[in-house]
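Read the structure below first, then the notes.
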Amino acid sequence: MDIVIAGGGIGGLAAALSLHAAGFENLTVHEAVREIRPLGVGINLLPHAVRELTELGLADRLAAIGVATAELAYFDRYGSAIWSEPRGLDAGYLWPQYSVHRGRLQMMLLDAVIERLGPRSVVTGSRITGPGAEDLLIGADGIHSAIRARLFPGEGPPPWNGLVLWRGTTYGAPFLTGRSMVMIGDGTQKFVAYPIETGERTLINWIAEKPSGDAAPDRGDWNRPADLAEVEKHFADWRFDWLDVPGIIAGAEVAYEYPMVDRDPLPHWTEGNVTLLGDAAHAMYPIGSNGASQAIIDARVLAHSLAHGDLAAYEATRRPATTTLQLSNRRMGPEIVMRLAHERAPGGFDDIERVIPYAERAEIAASYKRTAGFDPASLNGSPSWSVAR
């Protein structure tokens, strides 16, 4: 079977590794840029995605470039704790959760593809816009997918929800457990921080978010430099005894600005010998740390389905699940606790239990895990997508 993968990002490379592991040898990844470089900032890989990379034999490599997340904690804009929970191994999963630089993860996957499939398996400077003579074309070419546009020519640009994101990395002091991921805000304005490197120095990945009264930044430019002074002024009083938000912003090594956009769910992903994967299929808001994780899971399910001669099973398994997740993220997913706290106690609170009872907070967290496919008990007991050879 001759397979072409359009896109050499995380989803496309994971697809190549997964298909190779499932017994497919005649496949090529085509990437539009002439040189794949470690661009971007931090992302999170949830335990269900780490499981898939582990089963691809990449556990040690991943551990070498990532920080194993110990906890996820939500705070209101005054720095008061709303909810916290352990993550990864500390939460009873059989696999860790990792915070990692996106570019380092992509280069790790690229190295593995070249080692296992050979240097000719990745063709750079090659933009695929539609099907050719191959048996299967996989569109893994991102939110601005040319393959998706071929299947749905009237769709237009990604819809914008009016929020602007600034993402950056800053060397700073460790905070809380030293491996904590924190989300601070009121449901509209938000700051997220977590380490992606620890040791002699801690490299903190951060995301700042607020509504914009202006037109959306260029939706096609994901490397638009951010004006740090502009970002900092919106968070000038967000200083807590455990985290100095404006100080982190001001000290950024690199920072980018872009609008919060996603894609509407599709009625189908597959037409003839073409199917979609990752952001090309289901780009979602960066809520709940799910974008890269879902692309990796797509890759594994696709390979499993093809190995059993059933491409339709891939979409039947993945499209309903990711559609539900896309819509959940539009409703803020687990981050809704920050909005609820602000709506019920806009001036802050002394006792979160009187604002959002524990049972309500716990169910919000558990419900999202079920929706996103990483409920601990279900994930630990679920069958593998690996294909016996």
When you measure from the side chain of [X] to the backbone of [Y], do you find a donor-acceptor pair of N or O atoms at a distance under 3.5 Å?
X: R102; Y: V41; value: no
X: E315; Y: T270; value: yes
X: S121; Y: G118; value: yes
X: S84; Y: A73; value: no
X: R77; Y: W238; value: no
X: H308; Y: D310; value: no
X: T371; Y: S367; value: yes
X: D141; Y: I147; value: yes
X: Y368; Y: L325; value: no
X: N44; Y: S289; value: no

Hey, could you give me the OG1/CG distance between T188 and L163, rounded to the nearest 0.5 Å?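 So the OG1 of T188 and the CG of L163 are separated by 7.5 Å.
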D111 CG to Q106 CD distance, which is reported to the nearest 0.5 Å: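 Between atom CG of D111 and atom CD of Q106 there are 10.5 Å.
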Do you know the tightest heavy-atom contact between [X] and [Y]?
X: M108; Y: I65; answer: SD-CD1, 3.9 Å
X: A292; Y: I43; answer: CB-CD1, 3.7 Å
X: R127; Y: A146; answer: NH2-CB, 3.5 Å
X: M183; Y: V192; answer: CG-CG2, 3.9 Å
X: A295; Y: G278; answer: CB-CA, 3.8 Å
X: L277; Y: Y314; answer: CA-OH, 3.5 Å

Flag if over 12 foreign heavy atoms under 6.0 Å of CG, D60: no
Whether over 12 other heavy atoms sit under 6.0 Å from D351 CG: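 Above 12, so yes.
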Are any of the side-chain nitrogens in [X] or [Y] under 4.0 Å away from the carboxylate oxygens of its partner?
X: E71; Y: R87; answer: no
X: R339; Y: D186; answer: no
X: R361; Y: E85; answer: no
X: D244; Y: R239; answer: yes
X: R370; Y: E363; answer: yes
X: R51; Y: E55; answer: yes
X: E353; Y: R344; answer: no

Could you walk me through whether L105 and L62 pass the side-chain contact (heavy atoms from CB on, under 4.5 Å) test, one step at a time? CA-CA 8 Å; L105 174 63; L62 184 56; 4.1 Å; yes
Modelled atom types, side-chain donor and acceptor of [X] and [Y], under 3.5 Å:
X: W206; Y: T169; result: no
X: D298; Y: H282; result: yes
X: R179; Y: S99; result: no
X: W166; Y: E257; result: yes
X: R167; Y: Y258; result: yes
X: R150; Y: S145; result: no

Applying side-chain contact (heavy atoms from CB on, under 4.5 Å) to L302 and R318, what does each step give before you reach the verdict? CA-CA 9 Å; L302 175 59; R318 295 298 296 149; over 6 Å; no
Take E155 and R148 through the side-chain contact (heavy atoms from CB on, under 4.5 Å) test and state the conclusion after the steps. CA-CA 9 Å; E155 185 176 30; R148 178 176 174 130; 2.6 Å; yes
In sequence, state the C-alpha distance, the side-chain angles, and the governing distance for F240 and W242, and then conclude on ring-ring contact (aromatic ring centres under 6.0 Å, His included). CA-CA 5 Å; F240 317 116; W242 50 274; 5.5 Å; yes
side-chain contact (heavy atoms from CB on, under 4.5 Å) evaluation trace for N290 with M284: CA-CA 8 Å; N290 259 289; M284 59 189 69; 4.0 Å; yes
Walk me through it: do H268 and F152 pass the test ring-ring contact (aromatic ring centres under 6.0 Å, His included)? CA-CA 10 Å; H268 61 273; F152 299 92; 5.0 Å; yes
Is T202 close to F175 at the side-chain level, that is, under 4.5 Å between some pair of heavy atoms?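 The answer is no, as the side chains (C-beta and beyond) never meet within the 4.5 Å cut-off.
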H304 and W385 aromatic ring geometry - parallel, tilted or perpendicular at 30°/60° bounds: perpendicular
